> 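Quick one: the structure is below, and I'll ask about it shortly.
Remember, predicted model here, so these are calculated numbers, not experimental data. Letters go in sequence order (proteins before strands), and every chain restarts at 1.
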Number of protein chains: 2
Amino acid sequence: MNERSSVFPLIRETGRKNEAAILTAALDAFGENGFNGASMRDVATAAGTSLSNLYNYFPSKSHLLAELLRLANDEQLARVRTAVEAAGASPVARMHAAVTAFVGFVVDHTTASRVAISEIRYLSGVNRKEVVAARDSTQGIFEEIVASGVRSGDFRTPYPEDVVRSILSMCAAISTWYDPGGRLSKDALCDRHARYALALLEAGRL
Amino acid sequence: MNERSSVFPLIRETGRKNEAAILTAALDAFGENGFNGASMRDVATAAGTSLSNLYNYFPSKSHLLAELLRLANDEQLARVRTAVEAAGASPVARMHAAVTAFVGFVVDHTTASRVAISEIRYLSGVNRKEVVAARDSTQGIFEEIVASGVRSGDFRTPYPEDVVRSILSMCAAISTWYDPGGRLSKDALCDRHARYALALLEAGRL
DNA sequence: TCGCGACATGAACGAACGTTCTTCCGTGTT
DNA sequence: AACACGGAAGAACGTTCGTTCATGTCGCGA
């Protein structure tokens with residue numbers, strides 16, 4: 001089961017004949033060579049269609065990138081939100097669930113996560129705002145958990161307003177080195193980073 | 001004092017009339033638009049010279065990027081090495097010094113750090129190997145400190161082989177959001193991240 | 001004075017780029 | 001039977017790209 005056939009697939013069939021194939025091809029191309037390094041001809045070839053036909057689906061290369069990033073950030077946000085809601089009231093448990101969901105998405109969709117980090121700067125205007133908003137919502141969930149954990153005394157970090165950024169940076173960076181065939185399984189990675197997050201929050205006995 | 005006039009400048013005059021200006025212009029251009037998004041014409045204009053003259057200094061656009069990344073990684077490695085050597089024998093003090101030096105470089109050379117992270121993939125062959133080697137050396141310093149701290153009992157992390165990657169990811173990511181006019185000063189950032197690193201290592205009472 | 005090498009430039013080359021245009025096919029509706 | 005429309009493709013447009021070439025200037029050692 002590769003990263004494009006997860007239980008929660010990032011790119012679904014839409015009813016339009018080639019849309020999913022184009023998005024998948026674009027994700028691979030942007031992940032391989034970067035937004036400016038990949039050409040629409042590359043995308044068309046990988047999608048098994050013609051160059052001009054891409055424009056029957058997406059009005060421009062930028063819109064193609066925007067749609068990919070929108071899908072990725074929305075799915076990641078949804079996963080974190082669902083996991084936290086199901087985790088009960090304890091800040092420690094909620095943080096554990098949030099990190100596990102976040103890292104789980106990164107592992108399931110390594111390429112999409114990498115593209116979302118490194119190519120977002122090539123978006124402009126409304127497209128960028130939407131993606132940033134989804135990312136901020138995800139970050140907001142973490143910040144709420146931290147705030148409640150600080151209030152309850154579970155987290156003793158002296159920098160509650162800043163530590164979330166470090167947690168998310170650390171977890172997002174997994175996409176730059178993760179190897180599906182490597183030493184660490186998905187579960188091990190999630191557990192490990194949950195522990196890292198709680199250590200950063202100075203949650204006491206782990 | 002901006003990031004190009006640090007006490008340890010990244011780009012020094014070399015005796016060749018325009019070399020420093022070209023490197024500085026290239027760093028800005030690659031930082032602004034990415035390697036593939038910036039053109040040699042952009043670099044020439046910003047350096048105040050002609051397009052064809054660039055090729056009297058660097059044989060190709062790739063070599064230009066390679067030289068920039070080489071300068072950045074070498075300087076960062078030198079800073080960390082020097083700081084750790086001066087820090088005495090205590091693993092806690094050595095780690096504090098290493099993180100402070102690492103983060104100090106990121107803050108002093110935000111653009112170079114960002115470019116080094118996100119554009120290294122456009123290097124190939126020998127150029128890439130050199131840069132990766134310098135980066136691995138830096139990481140090796142951190143790993144040695146962790147190993148000795150685990151032996152001495154100062155660090156109680158159960159994952160000593162993995163936690164360094166998280167520390168460096170977290171610190172390198174500063175380059176993606178740091179604002180020189182923002183709330184956090186360079187010193188505050190260094191202290192904060194040194195504490196984060198020790199927390200990740202589960203160093204006990206901070 | 002000569003020649004050589006470093007520095008500099010405008011023009012040009014061939015390739016690749018994102019996008020558009022025109023045309024066509026197939027299918028379902030009126 | 002006529003039409004509309006989503007899907008598809010080839011050719012082409014105008015632009016920009018990295019790089020090369022031919023040429024020229026300047027200063028310095030022989």
Side-chain angles (χ1 to χ4, degrees), chain A residues 11-69 115 119-128, chain B residues 11-69 115 119-128:
Chain A
I11 297 170
R12 299 174 171 83
E13 293 297 331
T14 59
R16 305 189 65 187
K17 219 188 286 185
N18 273 327
E19 192 166 8
I22 292 172
L23 285 168
T24 302
L27 180 58
D28 288 346
F30 295 161
E32 192 71 27
N33 300 109
F35 178 69
N36 280 313
S39 72
M40 292 295 269
R41 285 164 179 83
D42 295 337
V43 175
T45 302
T49 182
S50 71
L51 171 61
S52 50
N53 196 30
L54 299 182
Y55 291 86
N56 288 323
Y57 291 85
F58 300 94
S60 76
K61 192 185 181 187
S62 295
H63 284 81
L64 196 38
L65 176 64
E67 177 68 6
L68 282 174
L69 265 53
V115 170
E119 316 294 336
I120 188 181
R121 64 189 209 187
Y122 300 115
L123 282 189
S124 54
V126 184
N127 289 332
R128 186 193 198 116
Chain B
I11 297 171
R12 299 175 171 81
E13 292 298 330
T14 59
R16 304 190 66 187
K17 219 188 286 184
N18 274 328
E19 191 165 9
I22 292 172
L23 285 168
T24 302
L27 180 58
D28 288 346
F30 295 162
E32 192 69 28
N33 300 111
F35 178 69
N36 280 312
S39 73
M40 292 296 267
R41 285 165 180 83
D42 295 336
V43 175
T45 301
T49 184
S50 69
L51 170 60
S52 48
N53 196 30
L54 300 182
Y55 292 87
N56 288 322
Y57 292 84
F58 300 94
S60 77
K61 193 185 181 187
S62 295
H63 284 80
L64 197 39
L65 176 64
E67 177 67 5
L68 282 174
L69 266 54
V115 170
E119 316 294 338
I120 187 179
R121 63 188 200 178
Y122 300 115
L123 282 188
S124 54
V126 183
N127 289 331
R128 185 191 198 121

> Among side-chain atoms of B/Thr45 and B/Asp42, is any donor-acceptor pair under 3.5 angstrom?
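Distance-only check fails for B/Thr45 and B/Asp42.
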> Is A/Tyr55 near enough to D/dA8 that one of its side-chain N or O atoms lies under 4.0 angstrom from OP1 or OP2?
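Result: no.
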> Taking only side-chain nitrogens and oxygens of B/Arg41, does any of them come within less than 4.0 Å of OP1 or OP2 of D/dT16?
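No.
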> For C/dC7 and B/Arg16 - does any side-chain N or O of the residue sit under 4.0 Å from the phosphate oxygens OP1/OP2?
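The answer is yes; a side-chain N or O of B/Arg16 sits under 4.0 Å from OP1 or OP2.
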> So, for A/Arg121 and B/Asn33, which heavy atoms are closest and what is the spacing to 0.1 Å?
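Minimum heavy-atom separation between A/Arg121 and B/Asn33: NH2-C, 3.8 Å.
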> Can you tell me how far P of C/dC17 sits from CG of A/Asn33, to the nearest Å?
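From A/Asn33 CG to C/dC17 P: 10 Å.
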> Would you please confirm or rule out a distance under 4.0 Å between OP1 or OP2 of D/dC17 and any side-chain N or O of B/Ser39?
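For D/dC17, OP1 or OP2 has a side-chain N or O of B/Ser39 closer than 4.0 Å.
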> Can you tell me how far C1' of C/dA11 sits from CG of B/Leu54, to the nearest Å?
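Spelled out: CG on B/Leu54 to C1' on C/dA11 is 16 Å.
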> Return the 5'-most residue of the pair B/Asp42, A/Ser50 with respect to DNA chain D, ranking by each residue's nearest nucleotide.
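The residue mapped nearer the 5' terminus is A/Ser50.
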> Round to the nearest Å and state the distance from B/Asn53 atom CG to D/dC21 atom P.
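Value for this atom pair: 16 Å.
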> From CE of B/Met40 over to P of D/dG18, roughly how many Å is that when rounded to an integer?
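After rounding, the gap between these two atoms is 7 Å.
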> If we ignore hydrogens and angles and just use 3.5 Å, is the side chain of B/Glu119 paired with the main-chain N or O of B/Phe35 as donor and acceptor?
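Present.
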> By the 4.0 Å heavy-atom rule, please label A/Ala44 as base, sugar-phosphate, or nothing.
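Here A/Ala44 touches no strand at all.
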> Are any of B/Lys17's side-chain N or O atoms less than 4.0 Å away from OP1 or OP2 of C/dC7?
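It does not, given that no N or O in the side chain of B/Lys17 lies less than 4.0 Å from OP1 or OP2 of C/dC7.
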> For A/Ser52 and C/dT20, is the shortest distance between a side-chain N/O and OP1 or OP2 below 4.0 Å?
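No, no such contact exists.
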> Return whichever of A/Leu51 or A/Asn56 has its heavy-atom-nearest nucleotide of DNA chain D closer to the 5' end.
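Residue closer to the 5' terminus by nearest nucleotide: A/Asn56.
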> In Å, rounded to the nearest 0.5 Å, how long is the span from CG of A/Asp28 to CG of A/Leu23?
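Answer rounded to 0.5 Å: 11.0 Å.
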> So which heavy atom on B/Ile11 is nearest to which on B/Leu27, and how close?
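That closest heavy-atom pairing would be CD1-CD2, 4.4 Å.
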> Round to a whole Å and report the spacing from CD1 of B/Ile22 to C1' of C/dA6.
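It is 13 Å, rounded to the nearest whole Å.
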> Rounding to a whole Å, what distance do you find between B/His63:NE2 and D/dG18:P?
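Rounded to the whole Å, the gap is 16 Å.
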> Does C/dC7 have its OP1 or OP2 closer than 4.0 Å to a side-chain nitrogen or oxygen of B/Asn18?
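For C/dC7, OP1/OP2 do not have a side-chain N/O of B/Asn18 under 4.0 Å.
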